[in-house]
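Below is one structure, written out as structure tokens, with a few remarks after it.
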Amino acid sequence: MEELNEEGQIREVFFLIKQLRPYLVEQEYINTVRRMQEYGYRLYAWKDSGHYTAAAGLKFQENLYDGFHLWLDDFVTEEKKRSRGIGRQALSDIERFAKQSGAQKVVLSSGLKRAEAHSFYEDKMNYFKKSYVFSSQSL
């Protein structure tokens, strides 16, 4: 689990993040990550044989319903390498990091159409659905 802070590092995992967020344009992604880092967003990645195979964007938050927790904004494993335990290891690392940082839990939102991701979280990682997330239309 390696934190990525330099622009070159952030750029290097764009191919992974784009698999999760295909609408992103590389320079806009880099600029957005840099802005989000000012507000606590942290980008991590995992390597296998010298190549990035997973990435996660996260931040610590506190609210009345989840207490102090780690919010997992972005989590992706390389499409061609899924179902090999990479995601399980990465999410376990994230959980360990959250616990060491004093967080009570890891919380995330996953798009309604992402059935494979839901199966991973529920069946392999023992997460549970607890709510719907609602959003206004663009303002």
Side-chain angles (χ1 to χ4, degrees):
M1 185 171 170
E2 171 188 356
E3 187 168 8
L4 309 179
N5 288 307
E6 302 300 320
E7 185 172 321
Q9 295 173 310
I10 295 166
R11 184 181 307 278
E12 202 171 345
V13 297
F14 176 68
F15 83 98
L16 284 170
I17 298 295
K18 190 160 177 73
Q19 290 174 23
L20 180 65
R21 315 253 183 252
Y23 52 85
L24 290 176
V25 175
E26 185 175 43
Q27 193 57 50
E28 290 175 16
Y29 148 79
I30 291 167
N31 294 342
T32 303
V33 167
R34 300 305 272 171
R35 278 193 312 274
M36 291 187 323
Q37 285 175 323
E38 294 175 20
Y39 300 101
Y41 180 86
R42 298 168 75 171
L43 183 60
Y44 289 88
W46 289 257
K47 282 185 178 179
D48 182 39
S49 302
H51 301 285
Y52 286 115
T53 56
L58 50 90
K59 60 188 171 235
F60 288 97
Q61 297 183 165
E62 187 168 21
N63 54 38
L64 296 174
Y65 49 92
D66 281 320
F68 182 65
H69 63 279
L70 185 146
W71 179 264
L72 188 53
D73 273 338
D74 310 294
F75 183 58
V76 61
T77 58
E78 188 175 356
E79 283 177 325
K80 295 175 184 173
K81 296 187 177 183
R82 291 185 184 152
S83 298
R84 297 184 187 178
I86 295 166
R88 183 183 302 209
Q89 181 59 53
L91 191 51
S92 295
D93 290 346
I94 291 167
E95 290 173 344
R96 193 168 26 264
F97 172 65
K99 185 175 183 176
Q100 290 169 349
S101 299
Q104 298 167 345
K105 59 181 84 170
V106 173
V107 182
L108 61 94
S109 171
S110 181
L112 294 171
K113 295 179 181 179
R114 298 186 45 83
E116 282 185 46
H118 303 164
S119 176
F120 167 74
Y121 294 125
E122 292 177 317
D123 300 339
K124 295 195 168 60
M125 299 305 297
N126 203 30
Y127 281 50
F128 64 95
K129 291 178 191 165
K130 66 175 200 153
S131 69
Y132 285 101
V133 176
F134 293 93
S135 174
S136 68
Q137 298 295 326
S138 294
L139 302 176

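Since the structure is predicted, the reported quantities are computational estimates derived from the model, not experimental observations. What you see below is based on every heavy atom in this structure, not just the backbone, and it leaves out hydrogens, waters and symmetry mates.
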To the nearest 0.5 Å, atom CG of Asp73 lies from atom CZ of Arg21 at 7.5 Å

Do Asn31 and Arg35 make a side-chain contact, defined as non-hydrogen atoms from C-beta onward lying under 4.5 Å apart? yes

Should we count CD of Glu3 as having more than 12 external heavy atoms under 6.0 Å? yes

State, to 0.1 Å, how close Ser101 and Phe68 come at their nearest heavy-atom pair, and which atoms those are. O-CE2, 3.5 Å

Could you give the distance from CD (Glu79) to CD (Glu116), rounded to the nearest 0.5 Å? 9.5 Å

Short side-chain to backbone donor-acceptor contact, Gln89 and Gly85, under 3.5 Å: no

Using the rule side chain to side chain donor-acceptor pair (under 3.5 Å), only one of Lys59, Gln104, Gln61 pairs with His69; which is it? Gln61

Mind checking the CG-CG spacing from Leu108 to Asp74? Nearest 0.5 Å is all I need. 11.0 Å

Pair Glu7 + Arg34, salt bridge at N-O below 4.0 Å: no

Between OG of Ser49 and NZ of Lys81, what distance do you get to the nearest 0.5 Å? 6.5 Å

Provide the full list of ring pair (Phe, Tyr, Trp, His ring centres under 6.0 Å) pairs with a residue in residues 70-106, sequence neighbours left out, each pair given once. Tyr44-Phe97, Phe60-Phe97

Do Lys47 side-chain atoms and His51 backbone N/O form a donor-acceptor pair below 3.5 Å? no

Can you give the donor-acceptor pairs under 3.5 Å from side chains of residues 125-139 to other protein atoms, not counting sequence neighbours?
{"unit_1": "Tyr127", "atom_1": "OH", "unit_2": "Glu95", "atom_2": "OE2", "d": "2.7"}
{"unit_1": "Lys130", "atom_1": "NZ", "unit_2": "Asp66", "atom_2": "OD1", "d": "2.5"}
{"unit_1": "Lys130", "atom_1": "NZ", "unit_2": "Asp66", "atom_2": "OD2", "d": "3.0"}

When rounded to the nearest 0.5 Å, the distance separating CD of Glu26 from CZ of Arg11 is 4.5 Å

Would you check if Trp46 and Thr77 make a side-chain contact, meaning some heavy-atom pair closer than 4.5 Å? no

Tracing side-chain contacts under 4.5 Å among Ile, Leu, Val, Met, Phe, Trp and Tyr outward from Tyr41 reaches Leu4, Ile10, Val13, Phe14, Phe15, Leu16, Ile17, Leu20, Tyr23, Leu24, Tyr29, Ile30, Val33, Met36, Leu43, Tyr52, Val76

How many angstroms lie between NE2 in His118 and CG in Leu112, if you round to the nearest 0.5 Å? 6.5 Å

Pair Glu78, Ile86 - check side chain to side chain contact (heavy atoms under 4.5 Å, CB included), show working. CA-CA 9 Å; Glu78 188 175 356; Ile86 295 166; over 6 Å; no

Quick check: does any side chain N or O of Ser92 sit under 3.5 Å from a backbone N or O of Arg88, one acting as donor and the other as acceptor? yes

